[in-house]
Structures are given as structure tokens and as C-alpha cells.
Amino acid sequence: KVLKSSLLSHSPIDFVLILLGTNDLKIRFQRSAENIADGIKELIQIVFETNSGTGSWHDQNKSKLIWFHAASIGELKSIIPIIRKINEKRKNFEFLISNYFFTSSVLRTIYFGFLICVCTTILSFLIALLLNEKFIGKAFLRVMIVLPWAVPSVVSGVLWGQMFHADTGFLNALLYQLGVISGYKIWLADPLVALHVIAIAEIWKAIPFMTLFFLSGLQSLPSEVFEAASVDGANVFQRFSNILFPLMLPIAIPLFLIQFVLAMKSFDTIFVLTRGGPGGGTTTLNYFIYQEAFETFNFTFLVHSALEK
């Protein structure tokens, strides 16, 4: 009854959390459960056992009952620490999920990742289509496209920070000269604008990677198929939707997934440009874990955040 009340007081997810423990923890829980199950089977056999000898049923099976009682108490004592650890982990995860900064950083990371992936995929594919054609200056353009990939992330963040600088930034000067804005703006003071500035910097860095793969995929396609389609009277849109897009889809899907993972791991640009600000508006999950580890030193919260990630 004690074991039953202890187990039923926890939700099924509590016992799934056993998988997050050490091997020793799982072995102890399995061994305890097996021993108690064996003890229950033994008790059932005693209850339904027919004894024709003299003496009461209690006297005949006293030794077995003593053994079962001792074994049950011993196993319960070994399970109690496990249940306590499970309960502590459950409370930590509940606190983590209910934390506003954590949930907002998770949603922001998902939006940030999809934004970068969609924009990078479209731009890279268009650039690859351009580079697949023959024109003057094609080799120079290829070098310029690959150049952002060679720039370190910290240097890239500094360059974009100078471009969006409130006083000496190139963007402010350009827009002011064109009459688009009446005065210089502090671009990185707005959380929404700052998040998209970081996304632009990440897209600029990610375009060379996807462009090279798209270009290699385009060059591997048979030209006879497109020539036959044009002879049959298919226009540009029909050739793209019925031939080019289906053939490039097996290349685009893995690239999209890889870029999404890389976007979620973005850290250097955020650290250099905004450090998660203003007001946590650019704090992604990766940067949130950094803050919990090296700014607040909340290592318990950090471990569970990393597990959620």
C-alpha cells in the first residue's frame, strides 16, 4: 500500500524522467521493481496454497511472511530516494516550462530559425540559378558570394554593428540622404528590429553554404530534359514547377534542415551585436543557456534548459 500510494502520487512523465538519470539509478529502480514483483508472486502462492498439515495457515507460512515483509521494506527504502530524485527533476522541469524567459526564448528561437532558413533558401537558390548561367564576370561573382563564408562570426557581427550604428552607421546616413528618415535612428534599441538585424547578418553568412550546394545540384541536372520541355512548348514557369523544382527538392530539404539547426545554434552574432537585449528581445535558447551558466550561475536550471534543447 505504501508503494502503491507513492507511485500513484506521481504522473507517468515522472517515471519517464528515470531515463534522464544515471545508469546506476535505472539499474536500482529495475532491480527493486523486479524484487517486489517476485515478493508479490510469492505472497499470492502462499495465499492460494492448500496445506493439509496441522497448525494454522499463519504458523505454517510465518517464515515466508517475515521474509516478504523484510524484503518489501528493504526495497521500499531503496525506491524512496529514486522517487525523491524524480520528484525534484519534475519540479525543475515544471519551473522551467512555467518560466516566461525560457518559453519566450524557445518561441523566439523557432521563429528566428525558420526566418533564416526560408530567406536563405530562396536567396541561395536564386543566386545559384544566376551563377548557373553564362555571363561576363561570373568568376568574380562566385568569389564575392563565397567571401562571407570566410569571414569569422565575430568580425561579421562587428561589421553589421557598425553598419547599423546609431551615430556613424552607413544605413542611417544612406536613408537620411535619400530622405526616407528625418533623423538618425537607434536600430538596435527596438527588440523586433534588433532580432531581424541579427537574422540579416546570419542570412548573409549562410548564403554561400547553400548556394554552393544548389549550384552543384543544378549543374548535375541533365540539360536534355529542359531542352525537350522547351521544344514541347513549355514556358519558363512550367519548366520550373514541373521539372526543376521536383529535381531540386531532394537537395533543398536536407539543406533546409541543416540550416535550421545552424540557425538555432547562433551565438556569436547575438553576443557581439545585442548580448540578448534589449529587454531579452534577441535572446535565443542558445544564448539563454549561456546566460544561465555564466551570468546567473544557475547550473540546475542550466542543465534542464540544455535537456529541453
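Given the structure is predicted, the values throughout are model-derived calculations rather than measurements. Computed from heavy atoms alone, side chains included, the values below leave out hydrogens, waters and symmetry copies.
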*asked:* To check you understand the geometry: which heavy-atom pair defines the closest contact between I181 and K185, and what is its length?
replied: CG2-CE, 4.1 Å

_Once you measure the plane-to-plane angle for F114 and F260, does it fall in the parallel (<30°), tilted (30-60°) or perpendicular (>60°) bin?_
tilted

*Centres of the F267 and Y290 rings: under 6.0 Å?*
yes

_For the student: nearest non-hydrogen atoms of F226 and I243, plus distance_ = CE2-CG2, 3.7 Å

*Are Y176 and V180 connected, step by step, through hydrophobic side chains (Ile, Leu, Val, Met, Phe, Trp, Tyr) whose heavy atoms are closer than 4.5 Å?*
yes

*So, S266 side chain and A263 main chain: donor-acceptor pair closer than 3.5 Å or not?*
no

*Donor-acceptor pair between T269 and E202 side chains, under 3.5 angstrom*: yes

*Check whether V151 and I203 end up in the same hydrophobic cluster, where Ile, Leu, Val, Met, Phe, Trp and Tyr are linked by side-chain heavy atoms less than 4.5 Å apart.*
yes

*asked:* Going by side-chain contact (heavy atoms from CB on, under 4.5 Å), name the residues that satisfy it together with L171, two or more places apart in sequence or in a different chain.
replied: F164, L175, W187

*Which heavy atom of Q291 sits nearest a heavy atom of R275, and at what distance?*
NE2-O, 4.0 Å

*Would you call the rings of Y111 and H196 parallel, tilted or perpendicular, where under 30° means parallel and over 60° means perpendicular?*
perpendicular

*asked:* Would a single hydrophobic cluster contain both I289 and L107, if residues Ile, Leu, Val, Met, Phe, Trp and Tyr are joined by side-chain heavy-atom contacts under 4.5 Å?
replied: no

*Would you say the side chain of L130 lies within less than 4.5 Å of the side chain of L141, judging by non-hydrogen atoms?*
yes

*Hey, does P208 have a side-chain heavy atom less than 4.5 Å from the side chain of T211?*
no

*Is there side-chain contact between V118 and F256, with at least one heavy-atom pair below 4.5 Å?*
yes

*Above 12 or not: heavy atoms from other molecules or residues under 6.0 Å from CG of L262?*
yes

_How long is the straight-line distance from CG of L255 back to OG of S124, given to the nearest 0.5 Å?_
8.5 Å

*Work out which heavy atom in L188 is nearest to a heavy atom in P278; give both atom names and the distance.*
O-CD, 3.5 Å

*In terms of ring plane angle, is the pair F209 and W149 parallel, tilted or perpendicular, where the classes change at 30° and 60°?*
perpendicular

_Does I136, at its CD1 atom, have more than 12 non-hydrogen atoms belonging to other residues, nucleotides or ligands within less than 6.0 Å?_
no

_Between V106 and Y100, is there shared hydrophobic-cluster membership here, with clusters defined by ILVMFWY side-chain heavy atoms closer than 4.5 Å?_
yes

*Show your reasoning for whether side chain to side chain contact (heavy atoms under 4.5 Å, CB included) applies to S105 and L285.*
CA-CA 5 Å; S105 65; L285 185 56; 4.1 Å; yes

*Minimum heavy-atom separation for G281 to P191, with atom names?*
CA-CB, 3.8 Å

*With sequence neighbours left out, write down each residue that passes side chain to side chain donor-acceptor pair (under 3.5 Å) with D268, or none if nothing qualifies.*
none

_F213 atom CZ, over 12 foreign heavy atoms within 6.0 Å_ = no

*Look at atom CZ of F140 and say whether more than 12 heavy atoms of other residues, nucleotides or ligands are closer to it than 6.0 Å.*
no

_Can you confirm whether the side chains of T274 and T282 place a donor and an acceptor under 3.5 Å from each other?_
yes

*Measure across C117 and Q259 and return the closest heavy-atom pair with its distance rounded to 0.1 Å.*
SG-C, 3.5 Å

_Same cluster (ILVMFWY, side-chain, under 4.5 Å), F294 and I270_ = yes

*If you count the non-hydrogen atoms of other residues, nucleotides and ligands that lie under 6.0 Å from CZ in F240, is the total more than 12?*
yes

